[in-house]
Amino acid sequence: MNDHSRDEQHDESDLEQLRQRIDHIDSELIRLISERAQCAQVVARVKLAEDPQALFYRPEREAQVLKRVMALNPGPLPGEELARLFREMMSACLALEQPIRVAYLGPEGTFTQQAALKHFGDSAVDVPLPAIDEVFREVEAGSAHYGVVPVENSTEGVVNNTLDSFMDTSLRICGEVVLRIHHHLLVGENTRRDRVSRIYSHAQSLAQCRKWLDAHYPHAERVAVSSNAEAARLVRSEWHSAAIAGDMAARRYELEHLAEKIEDLPDNSTRFLIIGNHDVPPSGEDKTSLVAAMRNQPGALHDLLEPFHRHRIDMTRLESRPSRHGVWNYVFFIDFKGHQDDPLVRAALEEVRLRAAEIRVLGSYPVGVL
């Protein structure tokens with residue numbers, strides 16, 4: 001036997017040993033995941049024994065677990081990848097306790113569905129609805145445990161329908177998801193690259209890809225539709241048409257990528273809110289959202305914001321919307337770092353209540369981890 005043959009045998013032996021080691025690790029993982037799932041079932045029984053109406057999904061607990069996973073991660077997997085694996089495991093375990101029903105702004109294949117699955121995992125039961133106010137109604141009626149709605153985009157600004165819906169509801173904000181938005185040009189099997197004459201998408205997405213479209217498809221008709229997912233559905237069976245949509249819509253409607261990441265601005269992100277019927281305890285790293293109505297008088301906005309400055313509370317967003325009560329009256333939506341149970345936050349809110357005509361805390365919730 002020559003030296004080359006001996007080296008090949010040695011390499012095969014090393015490879016076989018590594019495979020056996022991986023098989024052993026996989027067996028241990030299966031055992032430990034099953035043990036964790038059994039613990040989740042015991043937790044469910046204990047909770048139900050103490051309170052038949054017990055909450056199984058705890059946003060603050062999940063945020064703490066995911067942050068701990070990322071902090072303990074020794075590599076080589078990136079921290080977010082490891083946290084995503086744990087998210088799916090936690091989602092599956094939670095489904096053993098109580099399947100979570102989540103309403104979202106549909107149809108299937110939207111970025112809102114992607115945000116819902118990113119937050120709750122693939123074991124959640126997701127329910128598409130045609131309008132933001134219907135997502136609110138579904139949760140208010142108890143037909144869904146939670147809802148997911150878009151609230152702001154880094155390039156297009158706030159989603160006014162979501163802010164307006166908060167004025168007429170008792171629902172609470174229970175969490176947030178920030179999603180990087182990547183737009184792709186998608187086609188069905190009937191369309192050739194050089195024959196695209198019509199491009200469908202949501203008006204906002206068409207605007208976000210305008211420069212790319214001007215450079216690559218200046219003569220194609222641009223047709224605005226209700227959602228990117230609807231655009232993907234339309235082009236699946238059409239000739240000579242394309243859609244601007246995301247990866248989830250491409251998978252859902254079996255479309256091919258003609259071009260990827262065609263958005264004009266690379267840092268395009270959308271923030272989504274998780275709405276539910278309960279308050280969330282502190283997680284250690286939280287945000288609070290509130291809506292306040294001020295009396296129509298000079299210096300009203302300064303009076304509203306001054307307590308936050310004095311108590312060194314970091315505001316992250318301030319938006320105004322026309323009030324439903326009186327012409328030229330406005331309400332203000334404010335996000336800031338901290339939980340409403342934190343002493344400094346509580347002190348600031350007490351002062352704001354004395355100055356505002358009306359104030360309502362929409363919820364304190366964990367800062368998005370993934």
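Worth knowing before you read on, the calculation uses all heavy atoms, side chains too, and leaves out hydrogens, waters and symmetry mates. Please read all numbers here as calculations on a predicted model, not as lab measurements.
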*Asks:* R87 pairs by salt bridge (charged side-chain N to carboxylate O under 4.0 Å, His left out) with which of E62, E81, E80?
*Replies:*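 Looking at E62, E81, E80, the match for R87 under the salt bridge (charged side-chain N to carboxylate O under 4.0 Å, His left out) is E62.
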*Asks:* Yes or no on ring-ring contact (aromatic ring centres under 6.0 Å, His included) for Y104 and F272, after CA distance, side-chain angles and deciding distance?
*Replies:* CA-CA 10 Å; Y104 68 91; F272 300 84; over 10 Å; no
*Asks:* Does the side chain of E88 pick up a donor-acceptor pair with the side chain of S123 at under 3.5 Å?
*Replies:*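 Absent: no donor and acceptor within the cut-off.
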*Asks:* So that I can tick it off, tell me whether E306 and R310 are bridged by a salt bridge, with the cut-off set at under 4.0 angstrom between side-chain N and carboxylate O.
*Replies:* yes
*Asks:* Just by distance, no angles: are the side chains of D126 and Q113 close enough, under 3.5 Å, to form a donor-acceptor pair?
*Replies:*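 Indeed, the side chains of D126 and Q113 share at least one donor-acceptor pair under 3.5 Å.
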*Asks:* Which atom pair, heavy atoms only, marks the closest approach of L304 to A292?
*Replies:* CD1-CB, 3.9 Å
*Asks:* With a 4.5 Å heavy-atom cut-off, do V151 and L163 have their side chains touching?
*Replies:*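 The answer is yes; the side chains approach within 4.5 Å.
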*Asks:* Only one of H182, K211, H183, R180 clears side chain to side chain donor-acceptor pair (under 3.5 Å) with E263; which?
*Replies:* H182
*Asks:* Taking C-beta and beyond as the side chain, do H219 and S197 meet within less than 4.5 Å on heavy atoms?
*Replies:* no
*Asks:* Under 30°, 30 to 60°, or over 60°: which ring-plane class applies to F308 and F336, parallel, tilted or perpendicular?
*Replies:*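 Geometry flag for F336 against F308: tilted rings.
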*Asks:* Are H278 and Y146 close enough that their ring centers fall under 6.0 Å?
*Replies:* yes
*Asks:* Using a strict threshold of under 4.0 Å (side-chain N to carboxylate O), is an ion pair present between R172 and D279?
*Replies:*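 Salt bridge between D279 and R172, a charged N being under 4.0 Å from a carboxylate O: yes.
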*Asks:* Less than 4.5 Å apart, side chain to side chain, heavy atoms only: is that true for L94 and Y57?
*Replies:* yes
*Asks:* How about Y365 and S289: does a side-chain donor come under 3.5 Å of a side-chain acceptor?
*Replies:* yes
*Asks:* Whether R31 and E35 form a salt bridge (side-chain N of Lys/Arg under 4.0 Å from carboxylate O of Asp/Glu) is what I want to check.
*Replies:*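 Salt bridge present between E35 and R31.
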*Asks:* So how far is it from C209 SG to D264 CG, rounded to the nearest 0.5 Å?
*Replies:*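 If I round to the nearest 0.5 Å, the distance is 6.0 Å.
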